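Working notes, structure below.
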Amino acid sequence: MSSLNELPAYEDMSRFTRSLAVFYETLRLFPPVTNIPKVSAEDTTLTVGNVNGGKTTFPIPSGTEIDLHVAGLHYNPRYWKEPHKFMPERFLGNWPKDAFIPFSQGAHACLGRRFSETEGTAVMTMLVSRYKIEVKEEPEFAGETFEERYARITAFDQGLSTTPVRVPLVFTKRR
Ligand code: HEM
């Protein structure tokens, strides 16, 4: 996409690595699905790392309900350096694929993943190439620190999904 008026094509997608990194970092910090319930279809075991650096194996009888705690994994400092920080660049190099599960994993992982990544990246790229996007200045928040502003803008409610509370942005058309 060389000019502001051009539409990104599917072939351009592999070049939008930064947009995809921003999209991923947003999904890591604010996963739309925070909890994925599963039921074991057969007797099995689950081996996980423990705090002593070893492994613990749990028996999982058929019918056991297990929740994949998406946010718990996405904020785990064992896999993510400074997990509370918005750092898209963490997705530009090598990153822990198994610790990023906004679309779940396995046979029933999200069927729309590729579609949603492509659409999300295309829309974001078009928006930032056409508009300068700023947080709206409001008198009642004058004087707040960067950290206070970050906390205010990124505050979310967590129910079935993650919902932003209030994100007052100003879009100014680029020439
Ligand atoms: C950011 C956007 C999206 C997120 C975070 C997301 C996340 C998820 C998650 C967590 C699951 C559950 C997987 C499991 O049970 O282990 C799922 C399933 C599914 N998603 Fe998405 N999804 C997104 C967008 C979409 C879109 C755009 C479509 C369709 C065009 C879609 C279609 C599906 C389907 C069909 C399933 C069921 C897969 C199955 O049970 O085999 N999703 N998604």
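Just so it is clear, the structure is predicted and the values come from calculations on it, not from any experiment. For ligands, and for the atoms within them, numbers begin at 1 and follow the listed sequence.
- Each of the atoms 5 (C), 7 (C), 10 (C) of ligand 1 lies under 4.0 Å from some heavy atom of Pro102.
- Nearest protein heavy-atom neighbour of atom 15 (O) of ligand 1: Lys38 NZ, 3.1 Å.
- Near atom 21 (Fe) of ligand 1, less than 2.8 Å away, sit the protein N, O or S atoms Cys110 SG.
- Under the 4.0 Å criterion applied to side-chain N and carboxylate O atoms, Glu25 and Lys85 are not assigned as salt-bridge partners.
- Residues Arg28 and Pro83 form a side-chain contact, since some pair of their non-hydrogen atoms from C-beta on lies under 4.5 Å apart.
- Looking at His108 next to ligand 1, an N or O pair under 3.5 Å apart turns up.
- Enclosure of atom OH in Tyr75 by more than 12 non-hydrogen atoms of other residues, nucleotides or ligands within 6.0 angstrom is indicated.
- For Ser129 against Arg174, the heavy-atom pair with the smallest separation is O-CD, 3.2 Å.
- Stacking of Arg152 on the aromatic ring of Phe141 is recorded, both the 6.0 Å distance cut-off and the 45° axial limit being met.
- At least one side-chain heavy atom of Val70 sits less than 4.5 Å from a side-chain heavy atom of Ile36.
- Listed by number with element, the atoms of ligand 1 under 4.0 Å from a non-hydrogen atom of Phe115 are 27 (C), 30 (C).
- Interface of Ile36 with ligand 1, defined as ligand atoms under 4.0 Å from a residue heavy atom, comprises 10 (C), 14 (C), 15 (O), 16 (O).
- At a 4.0 Å cut-off, not a single heavy atom of Glu117 sits close enough to ligand 1 to count as contact.
- Atom 23 (C) of ligand 1 is approached by the protein to below 4.0 angstrom, counting heavy atoms only.
- No side-chain donor-acceptor contact under 3.5 Å links Thr64 to the backbone of Ile60.
- Scanning all heavy atoms of the two residues, the minimum distance from Tyr79 to Leu73 falls at CE1-CD1, 3.8 Å.
- Remark: side-chain polar atoms of Glu42 are not paired, donor with acceptor, to backbone N or O of Ser62 under 3.5 angstrom.
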